[in-house]
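Atoms considered below: every heavy atom in the structure, side chains included; atoms not considered: hydrogens, waters and symmetry mates. In what follows, chains carry the letters A, B, and so on, assigned in the order in which the sequence lines appear, proteins first and then strands, with residues in each chain numbered from 1.
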Amino acid sequence: MSDPKSAPKTDPRTDAPAAGEAGPEQKPRDFIREVIEEDLRSGKHARVATRFPPEPNGYLHIGHAKSICLNFGIARQYGGTCNLRYDDTNPSKEDVEYVDAIEADVRWLGFDWDDRKYYASNYFGPLYQFAEELIQKGLAYVDDQSAEEIRVNRGTLTQPGKPSPHRDRTPAENLDLFRRMRAGEFPDGSRVLRAKIDMASPNIVMRDPTLYRIRRAHHHRTGDAWCIYPMYDFTHCISDALEGITHSICTLEFEINRPLYDWVLDHVSVPCHPRQIEFARLNLTYTVMSKRKLLQLVQDGLVRGWDDPRMPTLAGLRRRGVTAEALRLFCERIGVAKRDSQVEVELFEHCLREDLNTRARRVMAVLRPLKVVIENYPEGQVEELDAAYFPDDPPKMGYRKVPFSRELYIERDDFMEEPPKKFFRLAPGREVRLRWAYLLKCERVVKDPATGEIVELRCSIDPHTLNQNPADGRKVKGTIHWVSAAHALEAEVRLVDRLFKVERPGEERDFLQDLNPASMEVLPAARVERSLSEAAAGERFQFERVGFFAMDADSRPGKPVFNRIVSLKDSWARIAKAEAGK
RNA sequence: UGAGGCGUCGUCUAAGGGUAGGACGUCAGCCUUUGGAGCUGAUUAUCUAGGUUCGAAUCCUAGCGCCUCAGCCA
């Protein structure tokens, strides 16, 4: 045995190396960490400070999880800090409702900001002072043009803009006007404060960008204290600087804004100048990530809410039963780079299975019940059979008793009257293993005389095969799961599937046209084994041979509800599909 | 056709002048009282064309393609 002290472990599911392990031979895992390590090595920074800056105007989704894992993960890895900061500069879009949800999501993901919760709106005072500083330096002016005029005069991608007629107002005049803007002397939209940079810049962002607008809206934090609000480009960089952020990590679409980020910080009296670094946001196949589209799904009632288990929101994933560990594992596996990418949802599903496989107790549940009567088993007899919760390593999770009796339910899919080749489950005259119990042979098929539907199977067991193979050496290929009809609980099972039926929803037509009509199949009369009567909402199980499931909050005593987190890999489905295609 | 960015297996991501590697997916096999898990193996990639070099995914030149930007959104 190796000495645990000499063999420090790194948990691949977190990015926290054991203390002292981050030696010089340890390579950074992405280009951002490369930059950070260089800054640490060169002495540019003695510590690392990042931030996660959501706007409280919607729920967090799996794309945010990538950013959260990056920002908080880097802070954790390098012994630094990561602030939670709300980018709340647009009162007409934001709401406290989202603030609470965001915090719950970040905590659930496994990260913490201690006492470093900030709001950009807390900086409205300093921000205003910095704006006056720019005015006094002749670097900002009040513009009376309408939004339309400003737009027209901004020029186009190939043509330079035209200077505003108010561009050369004196600092004194601008200061007076700006103070009166703040004092509420002018109507909404009548004037803005603009940076005086370069109307001919090839980068449109630099053509005298708007810094402040007049907007009489109630702010969720500052109430009616302000009628002017700063814009993102002015606010974000200064907020970063005021918080002593060293590396301001954001997504690619802000790359074009970086010159403005740097311009503002170069011209106001802030204590430091953080470095903005951009990475590619997460795109996932078979899903949509835009706030607008997610909001539409909720508002149009196409899903049951922000926490609908089909949604890519953190709330939805959590309700579905996804673990924070699996999500973190996924965020690590996808990596961080600058090129646009679309990650296959199969990788996410793989991470789910990898994590759940080691932690979910195995139980039996029959989704679409088919009754089986064992003709050679005495009526009224019940055997309590031992079944391991984790058959690959039974001591790990222990055992429960599973009742066995004359009448069972098996999965309808596990019986075929005319089985194709390679189908080795139950069929007339064929024998299978009942999990944890006996060999079962199908003697007769009972059908509804009117419809021809199979209503029941009459079967027999081999009484000498309880947890052992038959003495005559005959082999059975299939093992199927079952529940005792008299002891099972009725349950609702929600077969959660991909929300969209195409890899890139909305690419060829409106994204709503791409919704998967079978994204949540509800089975109201599934049967689950007796032991599940003690399950609690949020608990996760593997329904053997079927998939991983989590008990939903909609569960009621005597009528549990389960969401499918992810199915098990189904190689029979692959075979059947291949056979059908021949 | 302005500016900024990006092009490596089907997908995501390494290699930063010296064996193009890993993961997911796919395919084949082994194993199995979960057609799960696990184990073996296979498959397939440097956008193009020149150049520098003993040697180029990497450096240079010229192309090509994709993404972002013309909110008083972030």
Peer 1: Quote, to the nearest angstrom, the C1' distance that separates B:G65 from B:A28.
Peer 2: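 Here B:G65 and B:A28 have their C1' atoms 37 Å from each other.
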Peer 1: Quiz question: going by heavy-atom distance under 3.5 Å, is there a donor-acceptor pair between the base of B:G36 and the side chain of A:R353?
Peer 2: no
Peer 1: Using atom C1' in both nucleotides, what's the gap between B:U40 and B:U58 to the nearest angstrom?
Peer 2: 34 Å
Peer 1: Using the P atom in both, what is the distance from B:A49 to B:A57, to the nearest Å?
Peer 2: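 Each nucleotide's P atom is 13 Å from the other's.
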Peer 1: When you check the phosphate oxygens OP1 and OP2 of B:U34, does a side-chain N or O of A:H481 lie under 4.0 Å from one of them?
Peer 2: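 False: A:H481 side-chain N/O out of range (4.0 Å or more) of B:U34 OP1/OP2.
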Peer 1: Between B:G7 and B:U44, how far is it from one P atom to the other, in whole Å?
Peer 2: 24 Å
Peer 1: Whole angstroms only, please: what is the OH-C1' distance between A:Y389 and B:G36?
Peer 2: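 A:Y389 atom OH is separated from B:G36 atom C1' by 19 Å.
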Peer 1: Taking 4.0 Å as the cut-off, does a side-chain nitrogen or oxygen of A:R361 come that near to OP1 or OP2 on B:U34?
Peer 2: no
Peer 1: Considering just the side-chain nitrogens and oxygens of A:R215, establish if one lies under 4.0 Å of OP1 or OP2 belonging to B:C73.
Peer 2: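 Affirmative; the distance criterion is met.
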Peer 1: Among B:A70, B:G25, B:A23, which nucleotide has an atom closest to any side-chain atom of A:R151?
Peer 2: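 Between B:A70, B:G25, B:A23, the one nearest the side chain of A:R151 would be B:A70.
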Peer 1: Say you pick atom P in B:G22 and the same atom in B:A45; how far apart are they, in whole Å?
Peer 2: 14 Å
Peer 1: Please give the distance between the P atoms of B:A62 and B:A74 as a whole number of Å.
Peer 2: 39 Å
Peer 1: Reckon A:Y438 touches a base, only the sugar-phosphate, or nothing at all at heavy-atom distances under 4.0 Å?
Peer 2: nothing
Peer 1: Which one is paired to B:U46, where only Watson-Crick or G-U wobble pairs with both distances under 3.5 angstrom count?
Peer 2: none
Peer 1: Heavy atoms only, 4.0 Å cut-off, all strands: where does A:A147 land among base, sugar-phosphate and nothing?
Peer 2: base
Peer 1: Counting side-chain heavy atoms from CB outward, which of B:U26, B:G35, B:G25 is closest to A:R574?
Peer 2: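 Looking only at side-chain atoms, A:R574 lies closest to B:U26.
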Peer 1: Could you tell me the Watson-Crick or G-U partner of B:G16, where both distances fall under 3.5 Å? Say none if there is no partner.
Peer 2: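 Pairing partner: none.
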Peer 1: Paired with B:C6 by Watson-Crick or G-U wobble geometry, both distances under 3.5 Å: which nucleotide is it?
Peer 2: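 The answer is B:G65, by the H-bond criterion.
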Peer 1: Syn or anti for B:G41, with syn set at within 90° of 0?
Peer 2: anti
Peer 1: Under 3.5 Å for both donor-acceptor distances, Watson-Crick or wobble: does B:U40 have a partner, and if so which one?
Peer 2: B:A28
Peer 1: Starting at CZ of A:R359 and ending at C1' of B:A37, how long is that distance when rounded to a whole Å?
Peer 2: 16 Å
Peer 1: Can you identify which nucleotide, out of B:C73, B:G36, B:G2, has its nearest atom closest to the A:S571 side chain?
Peer 2: B:G36
Peer 1: Please determine whether any donor N or O and acceptor N or O are separated by less than 3.5 Å between the side chain of A:E278 and the base of B:G5.
Peer 2: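 Absent.
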Peer 1: Looking at B:U34, does its base get a donor-acceptor pair with the side chain of A:R545 below 3.5 Å?
Peer 2: no
Peer 1: Whether the side chain of A:E346 and the base of B:U11 hold a donor-acceptor pair under 3.5 Å is what I'd like checked.
Peer 2: no
Peer 1: Can you check the distance between B:C73 and B:C67, where both ends of the measurement are the P atom (answer in whole Å)?
Peer 2: 26 Å
Peer 1: With a 3.5 Å cut-off and heavy atoms only, can you find an N or O donor on one side and an acceptor on the other between the side chain of A:D413 and the base of B:G35?
Peer 2: no
Peer 1: Write down the distance separating the C1' atoms in B:G16 and B:U46, rounded off to the nearest Å.
Peer 2: 14 Å
Peer 1: Roughly how far, to the nearest 0.5 Å, is the CG atom of A:L426 from the CG atom of A:D414?
Peer 2: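 Here the interatomic distance stands at 8.0 Å.
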Peer 1: Check this one for me: any side-chain N or O of A:R433 less than 4.0 Å away from OP1 or OP2 of B:U34?
Peer 2: no
Peer 1: Using atom CG of A:L70 as one end and atom P of B:U13 as the other, report the distance to the nearest whole Å.
Peer 2: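 So the CG-P distance, A:L70 to B:U13, works out to 12 Å.
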Peer 1: What is the nucleic acid contact for A:I256, judged by heavy atoms within less than 4.0 Å: base, sugar-phosphate only, or nothing?
Peer 2: base
